[in-house]
Amino acid sequence: MSDGPKTVAEGGHAIESVLTETRTFPPPAAFAAASLVGSEAAYAAMVEKAEGDHEGFWAEQAGQLEWAAKWTRTLEWTAPDAKWFVGGRLNATASCLDRHAASWRKNKAALLFEGEPGDTRVLTYGQLHREVCKAANALGALGVRAGDFVAIYLPMIPEAVVAMLACARIGAPHTIVFGGFSAEALSDRIKDSRAKLVITADGGWRRGAIVPLKDNVDKALVGTGSADGGSPANAGVPGRAGGSPANAGVPGRDGGSPANAGVPGVERVLVVKRTGNAVAWGPKDVWWHDVVGTASARHVAPSFDSEHPLFSLYTSGTTGKPKGILHTTGGYLTGAAYTSKYVFDLRDDDVFWCTADIGWVTGHSYVVYGPLANGATVLMYEGAPDAPTKSRFWEIIERWGVTVFYTAPTAIRAFMRWGDEHPAAHDLSSLRLLGSVGEPINPEAWMWYRDKIGGARCPIVDTWWQTETGAIMIAPLPGATTTKPGSATRALPGIAADVVKKDGTPCGPNEGGFLVIKRPWPSMLRTIFGDHERFAKTYFGEIEGVYFAGDGARKDADGYFWIMGRVDDVINVAGHRLSTMEVESALASHPKVAEAAVVGRPDDLKGQAIVAFVTPRAGVTADDALATELRAHVTTQIGALARPEEVRFADALPKTRSGKIMRRLLREVASGSTARGDTTTLEDQGVLETLAQAYASDD
Ligand code: WT7
């Protein structure tokens, strides 16, 4: 983080209302009676056990997994470095597949898949096990060895799950890149992870159109993710190509050579046929059906050290360069399995649907590793919630009898907007539990979710966690915890969360402060791939001795957490994490841009929306056409998820005398409030007036 935690930021639209929220919802008696942890006393006993014997508690959770060799020490901790289940050996897929395929669950559905066009597939544990064994053999035949990184850029199809688990099975860490990222963003991630193989598809379905995944991989590998990828305007933009040592000197990027100079290290591209559209074919390309389809289904799972890397996943930090969050095997799987079991109260007859894409950590932990480790039935849907109609999700719930549904507040707010008639027209009585993740949920959306989707019968688990934490940290246990709309309630047993001041001292009730975790937990990140120093500084360097999450929060008199949003230069748009600097770098790489500053402003639907303040180069006309061009440019550089909602032009940006852009002022301008607070360090007082005027005339 550039200049350390600031005061707790304006946490978005939800804050005013949650301060006055007083409604409480005890677990319904019938739910509690049938649940794993069915009372406040049972929850308290679990917490007490975990606090009294932290390592013993986690050892017990890890004991639920399948180990090839038991660990000799539960934890080695020298901040910021944790090793969990030291000396233990396991294969993640033995817990997720082999043990179920060797039990009565062999013919139980592991995956229920529905494609956007309406095609369906069901894979039992026996079948999924066989597919993963075949893919593991195929990867081996393609030269992938334990420790090699594999990049995955796939739609939400069963092969995505098979690919992840096949990587895990042979000890090749996967790095999944969300299919909505552009070729340019994909290229950066492939290079930074040093992936040896890329697994993709010809395309994926999205609102009836084909997402050209293979084309994007081709562009990413040549290093010309966009037409202007090699533009000299990129030079010297801090944090982008210039500031990233990992990218430095990579041929085929800045050169933009049309010949397949290639991203070094990528030897093969494995392509699943999904949409059947024509794709370019090169010497590195192999079809999935040719190599996986013909591979042997016999594969003995080797065992790996508990601390063997399982995956890395890129997420945005406060700089222009995304961080490769690295998770390891034993600890991560323990966290994913434990939280899936207790937060979702998983039972063998559940049909569990987490709507997240596997490109996000939620998809890793709650579409794949957590539920499968528990032998659950997982539903997977490929497409958009409004394709072909706004009833698609409710049709899916009715069709498959979904019992546990886990989605994001942005989606819930969109459903509210679309109208009650859509869920009302469907039988949602199979549902017994609802979940929310990714951003603060405002009480209005929480109540709508409870009433219109849950029929006022299903508890809601609002789950706070991060890519870095690997698994849910703060959430209700649905059979025990009385919920309050807008609060993620309390830390799970085994998780030492608190709200503190900058000096580390605890905040009083309802006093806003920084959310921290005071003790190591098994599924915590181990490093930022290739930058251990940044890892240590970002997470353990801000507040003495504890993990700093980057979120502001308060705890109420009952000890319930109310998350207030990010306190750094990270914005959360529709539950997707973006760095303001990443978007600024993308804008600054456009030849018509002299300078750009990006902030988030509260948005009723997406939580936050991106507003870009841009100073064009001399002689460039600032008009609607330029705004459109810049928005498109960000889409090419990062992906549509980072496209600014609004672009505002100004001859200058508000800066301090030392030249730092005063984002706080921009945030205030962007959200329509007149700039308050301290402006004494502002260099040119006139600048602010121009920006405010621009806003007034826009509106
Ligand atoms: C950030 C992490 C964890 C999976 C999805 C996002 C925000 C996440 C909540 C919640 C309020 C939340 C935080 C956090 N966040 N869940 N229940 N209530 N805020 O993962 O991309 O790593 O983002 O999302 O700001 O730091 P991520």
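All ligand and atom numbering here is 1-based and tracks the order in the structure. Below, all heavy atoms of this structure are taken into account, side chains as well, without hydrogens, waters or symmetry copies.
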For Asp531, side chain to side chain donor-acceptor pair (under 3.5 Å) partners two or more places apart: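 Partners of Asp531 under the side chain to side chain donor-acceptor pair (under 3.5 Å) test: none.
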So, using side chain to side chain donor-acceptor pair (under 3.5 Å) as the criterion, who are the partners of Thr635 when residues are at least two apart?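 For Thr635 there are no side chain to side chain donor-acceptor pair (under 3.5 Å) partners, ignoring immediate neighbours.
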List for me each residue that meets side chain to side chain contact (heavy atoms under 4.5 Å, CB included) alongside Pro409, sequence neighbours excluded, and say none if there are none.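 So Pro409 forms a side chain to side chain contact (heavy atoms under 4.5 Å, CB included) with Arg413, Ser436, Glu439, Ile441.
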I'd like the contact residues of ligand 1, where contact means a heavy atom below 4.0 Å.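 Within 4.0 Å of ligand 1, protein side: Val361, Thr362, Val437, Gly438, Glu439, Pro440, Asp462, Thr463, Trp464, Trp465, Gln466, Thr467, Asp551, Ile563, Arg566, Asn572, Arg577.
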Taking everything shown except Glu544 itself, do over 12 heavy atoms lie less than 6.0 Å from its CD?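 Counting other residues, nucleotides and ligands, CD of Glu544 stays at 12 neighbours or fewer.
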With under 30° as parallel and over 60° as perpendicular, where do the rings of Phe311 and His327 fit, or are they tilted in between?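 It falls in the tilted class, 30° to 60°.
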Compute both the distance and the angle, then confirm whether Lys484 meets the cation-pi test with Tyr560: under 6.0 Å from the six-membered ring centre, within 45 degrees of the axis.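 So Lys484 does make the cation-pi contact.
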